[in-house]
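In what follows, chains carry the letters A, B, and so on, assigned in the order in which the sequence lines appear, proteins first and then strands, with residues in each chain numbered from 1.
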2 protein chains.
Amino acid sequence: MKTQVKSVEKDKEVLKRAGLKNTPARQAVLSTFGTGCLPLSAEQIYQSLKKKYDLATIYRILNKFERGELIRRINLKGGTGYYELVANHHHHLICQGCGLIEDFSRCGIENMQNAIIRSSKKFNEIKGHSLELHGLCKKCS
Amino acid sequence: MKTQVKSVEKDKEVLKRAGLKNTPARQAVLSTFGTGCLPLSAEQIYQSLKKKYDLATIYRILNKFERGELIRRINLKGGTGYYELVANHHHHLICQGCGLIEDFSRCGIENMQNAIIRSSKKFNEIKGHSLELHGLCKKCS
DNA sequence: TAATTTTTGCAAATAATTTGCATTTAGTTT
DNA sequence: AAACTAAATGCAAATTATTTGCAAAAATTA
């Protein structure tokens, strides 16, 4: 369908802007993130692509994307890395009891970035941030 | 000296409050964090304790401490987990170029927690948060 | 289309973290 | 204080997470 074509075009564009080659594997990873806000691990992407690409390739792509500011690694439970699209900027409330995650978006950090930069001795520029709130969900509290 | 004794007493107290047994290994880990704001990895703690305790033990202690809300895992570069004392609440500016880290503390999140909880459907209570800002240091920008 | 540079697949290496089990230890309990 | 019990530790081994070397395949460039 048309939307499919469009999104491929868009992905191509996205990759080019980030200075990255346009390859099927990269398109596939991008489209796995899709428009959703779900954080994904390398393993999840691998499974979700029906193991069509090598896990090492997924890792390499994620690293490239991270350096290209397309995605950002975030902190969920455990040692596994999760990534989400920088474009879908939002945050998480994480339940310390059961691991439940709820999204929220208005964090107000942008309003403070100027103040933070002004008071910083070593930094010039803030490009983004990651914020997780830890607490208890209604069931666990 | 007296301060040494005091800090051991305090650590004991801290452990008890968290419902954890007071052991030499746990004291040692606590005192490795000390009063500093440095985030530490399991490996760093292991080295810093002159390998006096097993690495597996360090990991077990860190996990206990995390569940007991004594420390919190944070997001630095790479896949390694870093921890810092919850008591030393602060945040990091992380350079995307060279990995340089600068601390800052006034983040203003506390002011927004009420608003966030009110707008949340699933959560009752916020206990803490972790925030990292990504940007470019003066050298890299 | 040939040339050049990157990317991918595969296998293997390395890093990070967890687990099983026997032994020791901390905090009771008698 | 000796005995008791639950939990903590050490050691080795297992998992999990991630990276790397190298040859083959694919993407941009000339």
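For the helix from dT1(C)-dA30(D) to dT30(C)-dA1(D), the terminal axes (five pairs an end, C1' atoms, rotation from four pairs onto the next four) enclose an angle of 40°, given to 10 degrees.
Atom NZ of K16(B) is separated from atom P of dA26(C) by 14 Å (rounded to the nearest Å). Summarising the geometry, the separation between CZ on R26(B) and P on dT25(C) is reported as 15 Å, rounded to the nearest angstrom. For the pair Q27(A) CD and dA27(D) P, the computed distance is 10 Å after rounding to whole Å. If you take OH of Y46(A) and P of dT8(C), they are 15 Å apart, rounded to a whole angstrom. Atom pair Y53(A):OH and dA11(C):C1' shows a separation of 21 Å (rounding to whole Å applied). Rounded to whole Å, the distance from CD1 on I58(B) to P on dT17(C) is 13 Å. Atom NZ of K64(B) is separated from atom C1' of dA26(C) by 13 Å (rounded to the nearest Å).
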If the sugar-phosphate is the primed atoms plus P, OP1 and OP2 and the base is the rest, what is the B/S/- string for nucleotides 16-25 of chain D, using protein heavy atoms under 4.0 Å? -SBBBB----
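In summary, of the residues considered (R67(B), R72(B), R73(B)), a salt bridge (Lys or Arg N to Asp or Glu O under 4.0 Å) with E69(B) occurs for R72(B) alone.
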Check nucleotides 28-30 of chain D for protein N or O atoms closer than 3.5 Å to its own N or O atoms and list the pairs.
| residue | atom | partner | partner atom | Å |
| --- | --- | --- | --- | --- |
| dT28(D) | OP1 | N22(A) | N | 3.2 |

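Shown here for M112(B) and G108(B), the closest heavy-atom pair between the two residues is CG-O, 3.5 Å. Of all the heavy atoms in L133(B) and I126(A), the pair that sits closest is CD1-CD1, 3.4 Å.
Using a 30° and 60° split on the angle between ring planes, H129(B) and H89(B) fall in the perpendicular class, above 60°.
Checked by atom type and distance alone, the side chain of K138(A) pairs as donor or acceptor with a backbone atom of K121(B) at under 3.5 Å.
L38(B) places none of its side-chain heavy atoms less than 4.5 Å from the side chain of E84(B). Contact of the H92(A) side chain with the D103(A) side chain is registered, since non-hydrogen atoms from C-beta on lie closer than 4.5 Å. At least one side-chain heavy atom of I71(A) sits under 4.5 Å from a side-chain heavy atom of F33(A). Between V29(B) and R26(B), every side-chain heavy-atom pair lies at or beyond the 4.5 Å cut-off.
Linking Ile, Leu, Val, Met, Phe, Trp and Tyr whenever their side-chain heavy atoms come within less than 4.5 Å puts L20(B) and L30(B) in one cluster. L93(A) is connected to I109(A) through a chain of hydrophobic side-chain contacts under 4.5 Å among Ile, Leu, Val, Met, Phe, Trp and Tyr, so both are in one cluster.
K51(A) comes within contact range of no nucleotide atom at all, as no heavy-atom separation falls under 4.0 Å.
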